[in-house]
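Worksheet for the structure shown next.
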2 protein chains.
Amino acid sequence: MSAVSLVVRNRDGGRINGDLKARIQKAVSDLDYRPNSFARSLVSQLPSSISVVVPSIRNPFFGEMLEGILQVIGTRFTIQLHVPSEDMDYGIDIVRAAQEDNIAGLILATPPQTTLDSFRQTCPTVILDAYTAMDVSRIELNVVLAGHQLGRHLVELGHRSVGYLDFLPDKATFSCRREALGAVVRQAGGALHNAPAPAEYLDIEQGEAAFSRSWPLWEAAGVTAIVAADDILAYGIMKRAQEMGMTIPDRLSVASFNDIPFSALVSPALTTVDLRAHELGLQAARVLLDAIAREVSSVCTVDPELRVRRSTGSRRAGP
Amino acid sequence: MSAVSLVVRNRDGGRINGDLKARIQKAVSDLDYRPNSFARSLVSQLPSSISVVVPSIRNPFFGEMLEGILQVIGTRFTIQLHVPSEDMDYGIDIVRAAQEDNIAGLILATPPQTTLDSFRQTCPTVILDAYTAMDVSRIELNVVLAGHQLGRHLVELGHRSVGYLDFLPDKATFSCRREALGAVVRQAGGALHNAPAPAEYLDIEQGEAAFSRSWPLWEAAGVTAIVAADDILAYGIMKRAQEMGMTIPDRLSVASFNDIPFSALVSPALTTVDLRAHELGLQAARVLLDAIAREVSSVCTVDPELRVRRSTGSRRAGP
DNA sequence: CTGAAAGCGCTAACAC
DNA sequence: GTGTTAGCGCTTTCAG
């Protein structure tokens, strides 16, 4: 019954007899009829959703990012959310599952390098904060600039021996942060002391444990400032350091990357580079809509912004 | 080609000739063939996703909840995420959009009362932290207990004049928190001074603004402790109160509901009732899977737990 | 063990 | 203007 179809979608340009139309509308509301979206998409070839893959849903960074995406797509598409099972970053299997959803587009937030290497594009796709030579739309996050900003800040405060708590070496975004920071510190005649990533999972406890594990080495190296790859790790570092009796920033400066909203509220307020989660989501969605509509791929860049707060201070006079 | 279908899904119990099977598998990988999930769901009548509607994705409470849901459903279903556009709680339109997704099940996290009133069930559904007389599965969050716990704690500390910062009066979960708290305070001979909800949107700034607005009245009423309906509002209260020179908890005790992970880290660490976001998600998903498999509805209850931290203390000697 | 054929619920093109 | 018909891409049934 094509009339039903037309009426339901309000696509009858006055073509349907008013009486028939009214009868159809009554039946629709009586039966609480809802069209089957599978059948609809099957024939129209226009999927009504996009898939978004994020490494974690507990990290507020991705909450902010999703908010940005949602804001742009509005009611045009619905979101299929894919998150790896706890304690693991996502592999190609999750990406393939997301592609199987039969979607108009796909957003991959900071995919691990190995995942990206085995990725094959099946629909308009936007990759966030990861590099690939493929012809895929990307939102580049200028983490090199972020590392430089943080490095300059610490160097200006007099720090020369800086500890670094890494995270997930499989992601270029993290190694770039470290390298850019290290370059600035070394250029000033200092050294960056890298501590290995805690685990694959990012939470406050991991930061605490990593600090306990690495502090002896850092202390031996005369470290006066520590940078973490992510705010959440920095929270753990500050918590444990304070428990161990160190005052921040007098005894030890702490800084990191992301600037989730809570970083302004922890004690002391955390100096961190705002990685613009919301802006990233906004851009990703815009580029994706563009890729869907015009079948072009594009790359754009988002610049981070340093937020200086109370967790970093001048290096105290030598020991 | 039925053989293809069987091979792709690994459902050929040795029925397919090895040679043919190999040829099919080669073709599948050569063409990077992916079955169309719409067509598949259309015929199998088994949708592969569930919809989850949350009021906000920026509030880590719902991130934790989603993590719980994801953990239980594993790869069995994929999640369609529905979030209202910024600054608004969700109406029935969003719920209907979610139902249109053609899903195996639906989870409604703390729906506003008006939304719930016009809700009609179209598939197995679980309602989180909201009451309805309908025959729908629910996860009850014992917010009355939460209010009592917090009330007893404050009363024991000597507080009798307590300020309350409400949020979204349209939700029973918030009015229950207030009433339960108020009952305990009044029973001890005290009074609860309610400040109206800040706005429909929950963020730190709203908490700050609300505190600025309400403090004159609270001060006049001799308030020595303030409870916020949500941790995030409490962060704003503490921030502004400290900016205004008050020390917490000496001058003013602050407490709230939720216990998102950051509440242990703000300064001072926030006393709050853990509303068990993760557990809520776990239970919701379990109940939903059950509802999908066995077509029964059930109701279960999650009990909150008070976390006493440094933001609450004894009432100072009277003015 | 394999291929042909029907049909899931919808939309679009087409006769009536 | 309105009803009929042919698929969308898959799974399942049923002959060969």
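So you know, we letter chains A, B, ... as the sequences are listed, proteins then strands, and number each from 1. These values consider heavy atoms only, across backbone and side chains, with no hydrogens, waters or symmetry-generated copies.
- Listed pair B/Arg40 / D/dG9 fails the phosphate criterion, with no side-chain N or O lying under 4.0 Å from OP1 or OP2.
- Judged by distance alone, with hydrogens and angles left aside, the side-chain atoms of A/Arg138 form no donor-acceptor pair with the main-chain N or O of A/Leu128 at under 3.5 Å.
- A/Asn142 and A/Thr301 form no side-chain donor-acceptor contact under 3.5 Å, judged by distance and modelled atom types alone.
- Protein atom CG of A/Leu6 is 15 Å distant from nucleotide atom P of D/dT4, rounded to whole Å.
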Before you tell me yes or no, could you show the steps for B/Lys171 and B/Asp129 under salt bridge (charged side-chain N to carboxylate O under 4.0 Å, His left out), namely the whole-Å CA-CA distance, both residues' side-chain angles and the distance that decides it to 0.1 Å? CA-CA 9 Å; B/Lys171 294 198 181 184; B/Asp129 189 23; over 6 Å; no
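- Straight-line distance from the CG atom of B/Asn36 to the P atom of C/dG9: 16 Å, rounded to whole Å.
- Between A/Glu100 atom CD and D/dG9 atom P the separation is 16 Å, expressed in whole Å.
- The side chain of A/Tyr33 contributes an N or O atom lying less than 4.0 Å from OP1 or OP2 of C/dC10.
- At whole-Å resolution of the value, CZ in A/Phe38 and P in C/dT11 are 15 Å apart.
- A sub-4.0 Å separation between OP1 or OP2 of D/dT11 and a side-chain N or O of B/Ser5 is present.
- Using a 30° and 60° split on the angle between ring planes, B/Phe38 and A/Phe38 fall in the tilted class, from 30° to 60°.
- Taking atom CG on A/Leu42 and atom P on C/dT11, their separation rounds to 11 Å, with Å as the unit.
- The distance from atom CD1 of B/Ile24 to atom P of D/dT11 is 12 Å, rounded to the nearest whole Å.
- OP1 or OP2 of C/dA12 lies within a sub-4.0 Å distance of a side-chain N or O belonging to A/Arg9.
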